[in-house]
Amino acid sequence: MNTQTPKDAGAVILRRPGADPKNPEVFWVKRSTKLAFLGGYRAFPGGQRESSDEDVRVANCDDPERAAMISCAAREVFEEVCVLLARGAETLTVGQRASLFDDLESGRMSWPELLAHYDLSLDANDFTFAGRWVTPPFAPRRFDTWFFLVNCPAKQEPRTTEDSELESGDWIAASEAFAQWQRSEILMVPPVLHAVRTLADGLDDDTVARFLAVPEAHREPTRRMEFHPNYICFPVRTPTRPPATHTNCYLIYTSREVMVIDPGSPYEDEQRELGACVDELLAAGRNVREIVLTHVHPDHVAGVNALNAHLESKTGKRVPVAAHQSTAESLKGQFEVDRFINDEEVLTLDGEPRIDLRALHTPGHARGHLCFYDERSGALLSGDNIVGFGSVLIDPPEGNMRDYLASLARMRALPNLSVLFGGHGPPVANPYEKIDEYISHRLEREERILAAVREGVSTPKEIVTRVYTDVSPKAHTLAERAVLAHLDKLEADGLVRYDLNSMFVAV
Ligand SMILES: [Zn+2]
């Protein structure tokens, strides 16, 4: 279970000095696309709290926790973009600041030692509290992040360092950053989007109040996340495969219609929350067009009946359920699928903006697995073929490795991909890198499995012990299923054959 306590983190929304208050500019960074966690996302400089952060004295701050988080945020900004937010820094030359940076990075001095040694001090009056956001439990890493709004010192120019996890850093007008989000060009986590949206309205006496006006800025769990406009990701708790604990339900909407994809929670409290989110969309005069299923697994379909019962009680009618024919056949007895979705069929949501989703039959994880591709925005709803958290199980006979690799190749060939909205975890902002990683991971495994068979290792159990050395013994039963899927593929490829003595041998 992903029940780990979120780790304390601090982040700074750095404001450019001298910018027009009606059109403020902030310094944002792009996380490296090579990072497994939120690779390619836009963010503000920040990071995890270290134990020495509490050893820094912060002027005008009586609360030790807040002081430690100010210290954390200031240290992270210095480490990530070389801006020293300390009183006394204004007398340092660029060269002196660079040598301080080296002192800290090389470990010659700790952060508190460095501040004391150079007679620098942090002052809480320089750090305006702008909210505290907790990462929802759908992510593999979770933070309880304190955001501070800070004026960048006039003589310091932020820059990303070469060996950092950041690809780039730039000043940008908040209004332009928001416009980039509106054009589906970038991904930001909810607190960054909230900050950008808030600042895009200009700076005035109410700015801080507007930052703090949403419950999520006070550690309330974030439920509804709009990583791309008109695509709401609403993770619901499900009995899914660990380490994931949630399945992403997607609500795609226009001015007139809503499509619900994978309402997967069997739990009443979660179904109620999802129902309330759908109600909000309906209150603006929209209709639910359809409930659409990516595939047959219970953690993607278990909330269908509850959602339909809810909609029926609200509107007097249930909405049609649509899925691939093989999914529909497997679900017989649980509920009726009203309509089959075929490969290459385009599902259109009418209204503003009109959204066209092309269905792609992409079997492998499940026979009737569907992905949905929005060519205009580059969004691909990847279902469980690619996920943002956990790994994808290919379990025969529902799972088929040959089909899976062909499906990944088909996804890889789509033009203009900007994001993968998977069935679990945060959206993937580096789609092509991620798909390549999935393909090479599987091919590497396959190669090692084939090598093992050629050396005479012949049962899935033995192969797991030999090849899955990076997997804990607890997961070996599942790994055996994956090995079986690989062996089936190798057999179909004519590279191994199934022997009468229940063993696999090389051809
Ligand atoms: Zn699945």
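Counting convention: from 1, in listed order, for ligands and their atoms alike. Heads up: numbering here begins at 1 and tracks the sequence.
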Per-pair distances, 0.1 Å, donor-acceptor, side chain in residues 477-486, under 3.5 Å, sequence neighbours excluded:
from	atom 1	to	atom 2	distance (Å)
R481	NE	D395	OD1	2.6
R481	NH2	D395	OD1	3.1
R481	NH2	P396	O	2.6

Distance-only donor-acceptor hits, side chain of residues 211-221, under 3.5 Å, sequence neighbours excluded:
from	atom 1	to	atom 2	distance (Å)
H218	NE2	L212	O	2.7
R219	NE	D144	OD2	3.0
R219	NH2	D144	OD2	2.9

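Residues passing the side-chain contact (heavy atoms from CB on, under 4.5 Å) test with D436, sequence neighbours excluded: R412.
Counting only protein N, O or S atoms, 4 lie closer than 2.8 Å to the Zn ion (ligand 1).
In this structure, E268 places its CD atom where only 12 or fewer heavy-atom neighbours from other residues, nucleotides or ligands lie under 6.0 Å away.
With ring centers used as reference points, F234 lies 6.0 Å or more from Y250. Aromatic rings of H300 and H369 (six-membered ring for Trp) have centroids beyond the 6.0 Å cut-off, not under it.
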